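Since the structure comes first, as structure tokens, the remarks are kept for the end.
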Amino acid sequence: HAGDSSESGKPLGAKGVRIGDLCEESRKAAAAMIDARLAIFSDGQQKKLRAILEAEGGVDKLRLAFFGDMTKRCSDGGRADWKIEGRSFLCDYESSRAHIHMTLRGAAESK
């Protein structure tokens with residue numbers, strides 16, 4: 001989605017690809033992206049978020065989209081965004097606005 005904006009916190013809609021449809025290396029990279037973002041939270045919060053991910057069917061059931069130019073890391077001057085989303089989970093990361101912005105939203109389904 002080069003040139004598009006990720007619109008932080010907004011749903012992906014039809015954009016992106018199901019992580020489970022990616023090659024093994026890319027699936028592992030997507031899981032590592034989620035792990036890196038969850039690592040900033042306490043163990044208790046991580047446990048809650050991982051339960052939400054499992055209720056979604058695991059990382060492979062989530063969708064992933066990139067926006068902007070992904071040729072450089074943020075720390076090297078890159079200005080790109082990504083988003084990983086499911087029915088009740090959203091994690092997005094923006095570096096396109098010249099500062100890092102992250103949204104993480106998870107909602108346990110009531111039964």
Side-chain angles (χ1 to χ4, degrees):
H1 300 284
D4 287 349
S5 167
S6 71
E7 297 185 80
S8 183
K10 305 261 174 148
L12 274 174
K15 295 179 181 177
V17 63
R18 192 174 152 270
I19 292 173
D21 293 338
L22 299 172
C23 70
E24 182 178 352
E25 182 180 355
S26 295
R27 285 193 317 268
K28 286 181 181 180
M33 290 164 62
I34 292 173
D35 288 343
R37 297 309 162 274
L38 296 186
I40 67 171
F41 295 97
S42 69
D43 290 343
Q45 292 296 345
Q46 285 186 52
K47 185 176 179 180
K48 289 176 187 177
L49 290 165
R50 291 191 188 284
I52 291 168
L53 287 172
E54 287 306 311
E56 291 273 348
V59 171
D60 282 351
K61 300 291 184 186
L62 302 174
R63 296 181 63 77
L64 168 67
F66 290 99
F67 303 86
D69 183 4
M70 297 299 294
T71 60
K72 289 195 244 179
R73 295 171 56 99
C74 179
S75 59
D76 296 327
R79 296 288 179 252
D81 307 337
W82 58 262
K83 187 176 299 245
I84 296 176
E85 177 184 84
R87 287 182 327 275
S88 55
F89 180 85
L90 167 68
C91 181
D92 63 12
Y93 183 88
E94 290 187 338
S95 65
S96 62
R97 293 195 261 174
H99 67 277
I100 295 172
H101 178 97
M102 185 180 102
T103 299
L104 177 63
R105 182 180 308 140
E109 294 185 62
S110 57
K111 296 184 182 190

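Only a predicted model underlies this, so the values are computations on that prediction, with no experimental measurement involved.
Taking NZ of K47 as the reference point, atom CD of Q45 lies at 12.0 Å (rounded to 0.5 Å). To the nearest 0.5 Å, the span separating CG on L64 from NZ on K83 amounts to 11.5 Å. Here CZ of R63 is found 12.5 Å from CD of E56. Values are rounded to the nearest 0.5 Å. Note that the OH atom of Y93 and the CE atom of M33 stand 9.5 Å from one another [nearest 0.5 Å]. Separating the CZ atom in R18 from the CG atom in L62 is a distance of 9.5 Å, to the nearest 0.5 Å. Here L38 contributes atom CG and K48 contributes atom NZ; the two are 13.5 Å apart, rounded to the nearest 0.5 Å.
At distances below 3.5 Å, at least one donor-acceptor pair connects side-chain atoms of R27 with backbone N or O atoms of L22. Remark: side-chain polar atoms of Q46 are paired, donor with acceptor, to backbone N or O of F41 under 3.5 angstrom.
L12 and A65 get closest at one heavy-atom pair: CD2-CB, 3.5 Å. Among all heavy-atom pairs drawn from I84 and A30, the shortest one is CD1-O, 4.0 Å.
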I'd like to know whether R50 forms a salt bridge (Lys or Arg N to Asp or Glu O under 4.0 Å) with E54, so could you lay out the CA-CA distance, the side-chain angles of the two residues, the decisive distance to 0.1 Å, and finally the verdict. CA-CA 6 Å; R50 291 191 188 284; E54 287 306 311; over 6 Å; no
